[in-house]
Amino acid sequence: MNTPANSPKSWSGRFSEPVSELVKRYTASVDFDQRMWQQDIRGSLAHARMLAAQKIISPGDLSAIERGMAQITQEIESADFHWNLDDEDVHLNIEKRLTALVGDAGKRLHTGRSRNDQVATDIRLWLRDAIDEIHGLLGDLQGALIDLAHTHAETPLPGFTHLQVAQPVTFGHHLLAYVEMLQRDRERLTDCRKRVNRLPLGAAALAGTTFPIDRHAVAEELGFEAVCENSLDAVSDRDFAIEFCAAAALVMTHISRFSEELILWMSPRVGFIDLADRFCTGSSIMPQKKNPDVPELARGKTGRVNGHLVGLLTLMKGQPLAYNKDNQEDKEPLFDTADTLRDTLRIFADMVPGIKVKPEAMRAALRQGYATATDLADYLVKKGLPFRDAHEAVALATKECERRGCDIAELSLDDLRQFSPLVGDDVFAVLTVEGSLAARNHFGGTAPTQVRAAIERARARLNK
Ligand code: ARG
């Protein structure tokens with residue numbers, strides 16, 4: 001029984017009634033999957049070329065399909081394409097338009113293929129591009145951090161443990177810690193890309209196809225490194241999306257930690273840095289405020305990216321083989337993860353060069369926090385005192401400084417000798433912040449010479 005052209009569509013002659021409006025809206029994905037249109041067309045063209053090469057469709061059909069797809073590309077690019085909810089998703093919308101444009105050749109395109117392997121192919125192509133872009137953006141942010149670290153290779157900053165002043169570090173050294181985190185993020189993406197970059201097409205609905213297809217030719221044309229081995233796995237696997245989201249969650253976690261520090265450093269109670277005005281907002285009621293909105297939002301958006309990872313894991317955990325419609329729910333979290341990452345990385349790469357550092361505030365905090373106490377203990381150890389005794393002697397000296405309201409370096413030689421007779425007048429060299437920094441002079445340490453060497457290594461790695 002044929003449905004009249006203007007009444008709601010049902011799937012095929014097998015169905016006796018169309019879906020309700022609500023079910024149509026509930027089951028459709030075209031509103032969010034249309035952004036894969038380029039990947040869908042690329043995948044279809046590769047499939048069609050393979051079908052023609054294998055003599056499954058004629059050369060005439062292939063050129064009609066190519067002509068139709070060129071026209072569709074133009075229509076979508078110029079926003080003339082009519083996306084229709086009745087046609088459920090990006091795949092059916094494009095196929096329907098192709099058939100309207102080129103007739104039977106359009107209807108032959110789906111030979112030996114299913115939307116199950118088609119959608120898996122499209123997402124992989126889409127994600128591969130997203131990974132490449134994000135990989136580059138991570139590098140841009142690393143570059144910005146390295147440049148700022150270079151400017152501050154000698155600027156002393158209190159290093160914290162338990163959010164208490166611990167030992168002096170250089171601001172450059174501190175920034176390079178984030179460069180390392182982002183480097184591991186880039187490595188994870190590179191590794192994840194290998195598993196994204198495998199071709200599911202040819203698995204058809206789940207069991208493969210009876211047509212003599214050439215999956216390796218399609219893989220080669222689309223730039224896939226390998227072909228998915230098992231047809232059931234090919235259509236149902238979303239590990240690759242989960243892996244990406246896991247890598248993305250770590251990127252955001254790193255950005256969130258950095259954000260937390262920027263927010264803290266910018267608080268007037270700390271005052272170590274200032275952010276450029278264009279990354280901050282004011283308050284509608286308190287005229288004195290300048291709020292670090294961008295880092296705060298990045299910290300907040302980390303929650304949503306972490307949520308997407310858990311969402312995808314939960315999406316998959318109860319699914320039997322092979323494809324289930326549940327999988328349509330993979331796209332929004334995946335797209336939003338990539339979008340959030342892209343925007344966040346771009347904004348941070350733009351914000352970092354404008355960080356205004358306030359070295360006097362950093363130095364004042366070092367003084368208040370007795371940051372060179374460990375240096376004094378190490379000094380006594382080098383003079384022969386067992387470390388635990390040195391620790392106790394310095395603890396008593398610190399207590400005395402607290403009573404007097406001064407820094408350890410401000411105690412006189414006689415004062416210091418009360419805590420240990422081993423103290424000599426060479427002690428003051430180790431009690432200065434500069435002395436403390438310079439003394440940590442080994443691979444991975446905070447001495448300015450080491451920081452400069454680390455910057456060189458990081459730059460070389462970035463340019464590889
Ligand atoms: N829109 C679907 C998705 O995103 C495409 C695959 C549909 N396949 C099916 N057999 N219903 O997963």
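Just follow the structure's listing: the first ligand is 1, and inside any ligand the first atom is 1. Basis for what follows: all heavy atoms, side chains included, without hydrogens, waters or symmetry-related copies. Counting from 1, the numbers follow the sequence of the chain as shown.
- Between Lys325 and Glu88 there is a salt bridge, with a side-chain nitrogen of the basic residue lying less than 4.0 Å from a carboxylate oxygen of the acidic one.
- By the criterion of a heavy-atom distance under 4.0 Å, the side chain of Lys331, and not its backbone, is placed next to ligand 1.
- No donor-acceptor contact under 3.5 angstrom links the side chains of His254 and Arg257, judged on distance only.
- The distance criterion of under 3.5 Å between nitrogen or oxygen atoms is not met by Asn327 with respect to ligand 1.
- Using a 4.0 Å cut-off to heavy atoms of Ser29, the atoms of ligand 1 that qualify are 1 (N).
- Here the protein heavy atom with the shortest distance to atom 11 (N) of ligand 1 is Arg115 NH2, 3.5 Å.
- For atom 6 (C) of ligand 1, the closest non-hydrogen atom of the protein is Tyr323 OH, 3.4 Å.
- Distances from atom 1 (N) of ligand 1 to the heavy atoms of Glu329, Gln328, Arg238 show the closest one on Gln328.
- Ionic pairing of Lys96 and Asp86 is not present here: no N-O contact between side-chain nitrogen and carboxylate oxygen is shorter than 4.0 angstrom.
- Taking 4.0 Å as the cut-off between side-chain N and carboxylate O, Asp191 and Arg188 do not count as a salt-bridged pair.
- A donor-acceptor pair shorter than 3.5 Å can be found between the side chains of Glu261 and His174.
- Annotation: Asn116 places an N or O atom under 3.5 Å from an N or O atom of ligand 1; distance criterion only.
- For atom 5 (C) of ligand 1, the closest heavy atom belonging to the protein is Asp89 OD2, 3.4 Å.
- Between Arg278 and Asp350 there is a salt bridge, since at least one side-chain N of the basic residue sits less than 4.0 Å from a carboxylate O of the acidic one.
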